[in-house]
Amino acid sequence: MNIGIIGSGAVAKSLGEGFLKHGHNVMLGSRDTSKLSDWAFNNAGANVGSFSDAATFGDVVVLAVKGTAALEAAGEAGADALDGKTVIDTTNPIAAGPPVNGVLKYFTSLDDSLMERLQARYPSAHFVKCFSSVGNTKMVNPKFADGKPTMFICGNDDDSKKTVTRILDQFGWDTLDCGKAEAARAIEPLAMLWCIPGFLYNEWGHAFKVLHA
Ligand SMILES: NC(=O)c1ccc[n+]([C@@H]2O[C@H](COP(=O)([O-])OP(=O)(O)OC[C@H]3O[C@@H](n4cnc5c(N)ncnc54)[C@H](OP(=O)(O)O)[C@@H]3O)[C@@H](O)[C@H]2O)c1
């Protein structure tokens with residue numbers, strides 16, 4: 001597949017490398033492509049362009065920008081370029097300001113989520129929450145002594161969730177489909193929980209796993 005990644009940060013780069021490793025074509029998008037020069041040089045076959053270029057390039061699009069800029073960045077990518085496409089939403093609604101005793105602040109409430117705001121603003125795109133509840137270094141084929149970790153996903157379009165589940169199979173994850181977009185109200189705060197051992201104990205190497213009876 002052609003994968004267009006809107007973003008130039010750690011998540012965009014990690015996922016970009018993962019998609020390349022699994023034989024997909026990749027374009028990363030940034031407002032300033034010069035910041036991706038080294039990355040493109042070190043990753044043969046990778047393309048870089050604007051947010052709009054990446055969204056247009058992708059059969060599947062990944063949104064990997066700062067949460068406070070997500071709505072704006074998707075707009076810069078272009079509603080037409082996202083129309084009818086699966087958009088993997090990695091973002092978290094992290095508010096400005098430092099964590100309190102290791103707990104991040106969010107600009108959403110528990111009756112709302114960033115992905116629902118994105119879905120409402122760009123209704124013809126098929127957003128699927130994914131990769132939001134693990135650190136970027138563990139997103140692609142992570143190795144854990146206790147086996148495969150669990151990725152929590154949600155979204156309104158079943159075919160898009162099937163596409164994302166196939167990607168997660170390639171990337172070495174068990175997938176737990178948590179239902180429609182409203183489930184992002186529960187999935188996005190998992191990143192708050194995931195970050196606590198990092199901020200308190202400088203431990204960033206974990207992932208969540210659901211255990212079944
Ligand atoms: N870091 C992780 O391990 C991790 C794990 C799970 C989920 N997440 C979530 O994934 C997302 C990406 O995280 P990240 O750490 O890779 O990078 P980040 O520093 O949160 O975001 C960097 C990206 O945000 C874009 N951006 C910043 N301000 C903008 C603005 N005003 N308008 C448009 N775009 C703007 C930048 O665009 P330019 O390229 O144009 O500068 C850049 O591509 C975040 O929502 C984060 O919460 C992160």
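Both counts, for ligands and for their atoms, begin at 1 and track the order of listing. Numbers for residues simply follow the sequence, beginning at 1.
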Sub-4.0 Å heavy-atom contact, [X] with ligand 1:
X      : value
Phe51  : yes
Val134 : yes
Ser132 : yes
Lys35  : yes

Which ligand 1 atoms are under 4.0 Å away from a heavy-atom of [X]?
X      : value
Gly7   : 43 (O)
Ala69  : 28 (N), 29 (C), 30 (C), 31 (N), 32 (N), 33 (C), 34 (N), 35 (C)
Gly67  : 45 (O)
Ala10  : 16 (O)
Phe131 : 6 (C), 7 (C)
Asn136 : 1 (N), 2 (C), 3 (O)
Gly135 : 3 (O)
Ser30  : 38 (P), 39 (O), 40 (O)

Query raised in the report: Glu188 side chain to Ser133 main-chain N or O, any donor-acceptor pair under 3.5 Å?
Result: no
**Report entry** Check: Asn156 side chain, Glu182 main-chain N or O, donor-acceptor pair, under 3.5 Å
**Finding:** no
Report task. Ignoring hydrogens and angles, state whether a donor on the side chain of Asp53 or Ser50 is under 3.5 Å from an acceptor on the partner side chain. Result -> yes
Are [X] and [Y] side-chain neighbours, meaning at least one heavy-atom pair lies under 4.5 Å?
X      : Y      : answer
Leu118 : Leu71  : yes
Val87  : Tyr122 : no
Asn2   : Met27  : no
Lys13  : Leu36  : yes
Val48  : Ser8   : no

Of [options], which has the heavy atom at the shortest distance from [atom]?
atom                    : options                     : value
atom 7 (C) of ligand 1  : Asp32, Thr90, Leu63, Leu190 : Thr90
atom 4 (C) of ligand 1  : Val11, Asn92, Ile94         : Val11
atom 43 (O) of ligand 1 : Ala70, Gly198, Ser14, Ser8  : Ser8
atom 30 (C) of ligand 1 : Glu72, Lys66, Arg31         : Arg31

Requested in this report: Give a yes or no on whether atom 19 (O) of ligand 1 lies under 4.0 Å from any heavy atom of the protein.
Outcome: no
Query raised in the report: How are the rings of Phe199 and Trp204 set to each other: parallel, tilted or perpendicular (split at 30° and 60°)?
Result: perpendicular
Query raised in the report: Taking the inter-plane angle between the rings of Phe131 and Trp173 on a 0 to 90° scale, is it parallel (under 30°), tilted (30 to 60°) or perpendicular (over 60°)?
Result: perpendicular
Query raised in the report: Can you tell me which residue and heavy atom of the protein come closest to atom 11 (C) of ligand 1, and the distance to 0.1 Å?
Result: Val65 O, 3.2 Å
Report summary line: the protein heavy atom lying closest to atom 17 (O) of ligand 1 turns out to be Gly9 CA, 4.1 Å
Query raised in the report: Is it the side chain, the backbone, both or neither of Met139 that has a heavy atom closer than 4.0 Å to ligand 1?
Result: side chain
**Report entry** Chi angles and distances behind the side chain to side chain contact (heavy atoms under 4.5 Å, CB included) call for Ser113, Lys129
**Finding:** CA-CA 11 Å; Ser113 63; Lys129 197 90 221 169; over 6 Å; no
Report summary line: Here the pair of heavy atoms bringing Asp177 nearest to Lys161 is OD1-NZ, 3.1 Å
